[in-house]
Amino acid sequence: MTKKSGPAGWQEITTGCVVLRPGSASEYHTGSWRAQRPVWNNQKCIKCGICYVFCPEGCVAQSEDGYFKANLDYCKGCGICAHECWSRAIAMVEEG
Amino acid sequence: MNIVENFDLFAPRLINKKELLSSGHRACQGCGEVLAVRLMCKALGENTVIASATGCMEIISSMYPTTAWELPWIHVAFENAAAVASGVEAGLKALRRKGKIADRDIKVVGMAGDGGTMDIGMQALSGAMERGHNMLFVCFDNEAYMNTGIQRSSGTPMGASTTTAPAGKVSMGQKTWKKNMAEIMVAHNVPYVATACPSYPLDFIRKVEKAKKVKGPSYIHCFSVCPTGWRCPSDQAVSLGRLAVETGIFPLFEVENGKYKLSSEMPKKLTPIKNYFKSQGRYRHLGEDEINMIQGGVDREYRKLLNKVQCLAAWD
Amino acid sequence: MAKRVGMEVALAVAEAVGQCNIDMAAVYPITPQSHIGEHLSDLVADGKIDAEFVTVESEHSAISAIIGASGTGARVYTATSSQGLMLMHEILPIASAMRLPLVMGIANRAVSGPLNILNDHSDIMPQRDCGWISLFVENGQEAIDLSIQAFKIAEHKEVNLPVCVNIDGFQLTHMVEPVEFPDQELVDKFLPARVPFATLHPSKPVTMGAFSMADYFTEIMKAKDEALKNSKKTILAVWAEWAKMFGRTYKPVETYKAEGAEILLLTMGSMSETAELAIDELRAKGLAVGLVKLRLWRPFPFAEIKEVLLSAKKVLVTDRAVSFGGPGGPVCSEIKAALYNEKDRPTIYNCIIGLGGRDVTVADFASMIKKVAEEEANKNADTYEFWGVRE
């Protein structure tokens, strides 16, 4: 959690505990769950975007040069992108 | 690998770029269900309100004081997502008619897992569909109560081992055939029923888009691979979904106003189910006889479906 | 001019709700509530109310559907009884945690088993801790007035909580009574359009019904408790405004001939009118007795209860439900809790009466009070009695 202060007191609880900040779950970085990380070999990449489509985290994005990469703040290292990449351009590499 | 055959090479260009379910959600590694939800949201677009049942997708996305949702979203309880969705639909309809909100088409979508749809949520769903609300209901079927720890549901397939129908010395695990939920929805005479799987993203997205356009109730039964509950590697969530389709275990079809149509993704010849079973821990205990028995059931159901497709493709 | 007519109370409740510009209602049939739902659907069918009437397949879906609609900003209503309320039970605390201003009419009826369709309070009492504002009415006029006030209280920006109006099944819902409907113009003035604190709409996406772990759950419960306690201020203000506009006064705790009474009888709901006759009879005989009528069940009016009860020597609390294996009746438990810290508190007696439609007559109330009068005030009054039970 990147929150600066501690959890709110009862008076700061939003009415009905409604969450008014869409997409705020992104404050939580799931990247720390990862044991392996995907590494793209752009020489093999055909820019089809399967890795982007099949990422359960929605954390694979296309760069301006047309190649793809994962946002490692969120990538959980599931390996779907590597498994599905038909040109085998993605390798899962051990973390740490 | 024949993905390219079935998959447009430039898929990303055809898919809505905007993520309506943000990263940072707490789904397990390789969750096929959250992938399906993410793709569904892309197909639905921003003019959507979602009513979710309790379940994996609810707890992983809405940890107070944060949310992964970029769409208006409401959760009330486990069994009532369809009832809540029907209320949202009725509320928006009245407010729009009375000029209290802007005159704008908003699609209301109910969503639940197999338990929240086929077991505890069945009554509320049946009621909502029968009443004809303008809403889509999507069942994300991962074939057991995964959120509570892999207990069997009526969506659990024959032979699968779960924590409440475990394989043991005298048991092969689940001893019942999976409930055919899509057919139950067809029996409600709703205008549009489809089965889908995120392993076929363009087919899935197209079906959601079609359901969205229906003025009235529609239902999509979405196959969602659960690596945690099925005890399979997390990188196989997509390939296993594909195998489920290729084996005929989870055939893709649509029923539009009672007319059946097999999706183009279905192969001419089915793959034996043992290819699908082998990487899943939940089937590991099955012997040859049991697999053959299940293969018989899968074949029988598939023939039944093909018959319907043949006989009910056009009838009026 | 306010219209004075003779009407069945259930229909009058539906008419009153119809005066409130509701947007959506979801009702499932159950005796003795059904006439409310039927008449509401009549009003919708005749175009007298511009609302969606959703004919749900259960009470569970009724409460769920009105939550969904309320989430969009709509003004919503449902009504139920007994088993229907028990089926809704799971959803009631969710509605209050979500701070949605639902309004529900309850035609109070005994809870099964055995199955019984007649009146007592065993349906509402198990809902006590669900975080709803809970009001009791005594007659048809009160049923009309409180059904309208309920929307204003529920939707008030300081409140945002669900409200239930308890109307005794059959004994009240099915009585034809002379009632007066407030002028529509005045109702419109009294009850402005709802201003929701958040709505389910793509123009500003919000998440309702989020999941909370231990880090926030206690704070959320505290916020809900404070909101419910704090709602009393608004309830009092709404009643003051009502009195000014319509001339009828409402209080959390009301009294009848309680001045100088040594024995106070406490009732809730429609039996209060019978109890009043017993008080008249006993007062005529020279007994210093009076009646206390509890209107506001939640938030519980501790200060008001103390104010009226502390002057008496004995208090006879009647309950129309049983807390099995517990201290007797749930109302009596609350009264005892309210008075426990007071040094000169009265002795409390508890009679459980009128279960499952059992008639309670003027003579019954008179005998109950006389029995209490004859007992020496002591601390052995921790017992309770099923009044009139056959041995």
Side-chain angles (χ1 to χ4, degrees), chain B residues 20 26 45-52 54 58-98 100-102 104-108 110 123-128 130-131 133, chain C residues 21-26 28 44 49-76 78 88 90-91 93-95 97-98 100 193-194 196 198-213 215-217 219-220:
Chain B
L20 293 166
R26 272 73 154 179
E46 282 166 317
N47 283 327
T48 306
V49 179
I50 292 180
S52 172
T54 306
E58 173 257 329
I59 62 151
I60 60 103
S61 67
S62 72
M63 183 79 85
Y64 187 83
T66 66
T67 180
W69 295 96
E70 311 239 7
L71 291 171
W73 181 93
I74 180 170
H75 157 254
V76 180
F78 194 3
E79 66 280 56
N80 64 355
V84 174
S86 73
V88 171
E89 188 261 358
L92 290 173
K93 193 172 167 187
L95 293 176
R96 191 175 169 189
R97 182 175 66 232
K98 294 166 91 169
K100 293 184 180 178
I101 56 169
R104 175 168 164 185
D105 279 329
I106 298 165
K107 192 70 183 188
V108 179
Q123 176 183 320
L125 176 59
S126 178
E130 171 273 320
R131 291 193 297 272
H133 295 276
Chain C
N21 192 17
I22 58 165
D23 301 303
M24 185 271 195
Y28 186 78
V44 173
I49 309 177
D50 186 3
E52 289 295 308
F53 187 81
V54 182
T55 51
V56 278
E57 82 301 327
S58 73
E59 289 89 353
H60 196 281
S61 286
I63 190 84
S64 302
I66 66 167
I67 284 179
S70 187
T72 69
R75 179 172 287 163
V76 299
T78 190
M88 289 181 179
E90 182 209 11
I91 307 301
I94 303 176
M98 294 176 85
L100 292 171
R194 179 184 165 198
T199 61
L200 294 168
H201 195 275
S203 58
K204 192 176 184 297
V206 299
T207 286
M208 290 186 180
F211 173 70
S212 162
M213 289 297 280
D215 55 351
Y216 280 97
F217 197 80
E219 283 68 30
I220 293 168

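Proteins come first, then strands; the chains are lettered A, B, ... in the order of their sequence lines, and each starts at number 1. From a predicted model like this one, the values you see are computed outputs, not experimental measurements.
Contacts between Ala51(C) and chain B at a heavy-atom distance below 4.5 Å involve the backbone alone (N, CA, C, O). Proximity to chain B (any heavy atom under 4.5 Å) is shown, for Leu100(C), by neither the backbone nor the side chain. For His60(C), the part lying under 4.5 angstrom from a heavy atom of chain B is the side chain only. For Leu92(B), the parts lying under 4.5 angstrom from a heavy atom of chain C are both the backbone and the side chain. Interface remark: Ile66(C) contributes no atoms to any contact with chain B (heavy atom separation under 4.5 Å). With a threshold of 4.5 angstrom between heavy atoms, Ile220(C) approaches chain B through side-chain atoms but not through N, CA, C or O. The contact between Val56(C) and chain B is made by backbone and side chain atoms together, counting heavy-atom distances below 4.5 Å. Contact of Leu95(B) with chain C is made through the side chain alone, with heavy-atom distances under 4.5 Å. Residue contact with chain B, scored on non-hydrogen atoms closer than 4.5 Å, involves the backbone and the side chain of Ser203(C) alike. Contacts between Glu89(B) and chain C at a heavy-atom distance below 4.5 Å are absent for every atom of the residue. Within the 4.5 angstrom heavy-atom criterion, no atom of Ala51(B) approaches chain C. Of the atoms belonging to Ile50(B), not a single heavy atom falls under 4.5 Å from chain C. Of the atoms belonging to Val76(B), heavy atoms from both backbone and side chain fall under 4.5 Å from chain C. At a 4.5 Å heavy-atom cutoff, Ser70(C) makes no contact with chain B through either its backbone or its side chain. For chain B, the nearby parts of Met208(C) are the backbone and the side chain; heavy atoms of each come within less than 4.5 Å. Proximity to chain C involves both the backbone and the side chain of Gln123(B), based on heavy atoms less than 4.5 angstrom apart.
Listed by first and then second residue, the ring-ring contact (aromatic ring centres under 6.0 Å, His included) pairs that reach into residues 73-93 of chain B are Trp69(B)-Trp73(B), sequence neighbours excluded.
Atom CG of Leu71(B) sits about 13.0 Å away from atom NE2 of His201(C), to the nearest 0.5 Å. With rounding to the nearest 0.5 Å, the separation of CG in Asp215(C) from OH in Tyr64(B) is 10.5 Å. The CD1 atom of Ile67(C) sits 7.5 Å away from the CG atom of Asn80(B) when rounded to the nearest 0.5 Å. Thr199(C) OG1 to Lys100(B) NZ: the interatomic distance, rounded to the nearest 0.5 Å, is 13.0 Å.
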Full working for side chain to side chain contact (heavy atoms under 4.5 Å, CB included) between Glu52(C) and Arg97(B):
CA-CA 10 Å; Glu52(C) 289 295 308; Arg97(B) 182 175 66 232; 2.5 Å; yes
What do the steps show when you test Glu90(C) against Glu79(B) for side chain to side chain contact (heavy atoms under 4.5 Å, CB included), and what is the final call?
CA-CA 11 Å; Glu90(C) 182 209 11; Glu79(B) 66 280 56; 2.6 Å; yes
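Taking chain C as the reference chain and counting heavy-atom pairs below 4.5 Å, the highest number among Gly91(B), Ser52(B), Pro72(B) is found for Pro72(B). Counting heavy-atom pairs closer than 4.5 Å to chain C, the top-ranked of the candidates Val49(B), Thr54(B), Ile74(B) is Ile74(B). Heavy-atom pairs under 4.5 Å with chain C were tallied for Lys93(B), Met63(B), Lys98(B); the largest tally goes to Lys98(B). Ranked by heavy-atom pairs under 4.5 Å with chain B, the list Ala210(C), Ala62(C), Pro205(C), Pro202(C) is led by Pro202(C). Listed options Ala85(B), Ala81(B), Ala90(B), Ala102(B) were ranked by heavy-atom pairs under 4.5 angstrom with chain C; first place goes to Ala90(B).
Under the 3.5 Å distance criterion, the side-chain polar atoms of Thr72(C) are left unmatched by any main-chain donor or acceptor of Val88(B).
Remark: Lys204(C) engages no residue in a side chain to side chain donor-acceptor pair (under 3.5 Å) (not counting sequence neighbours).
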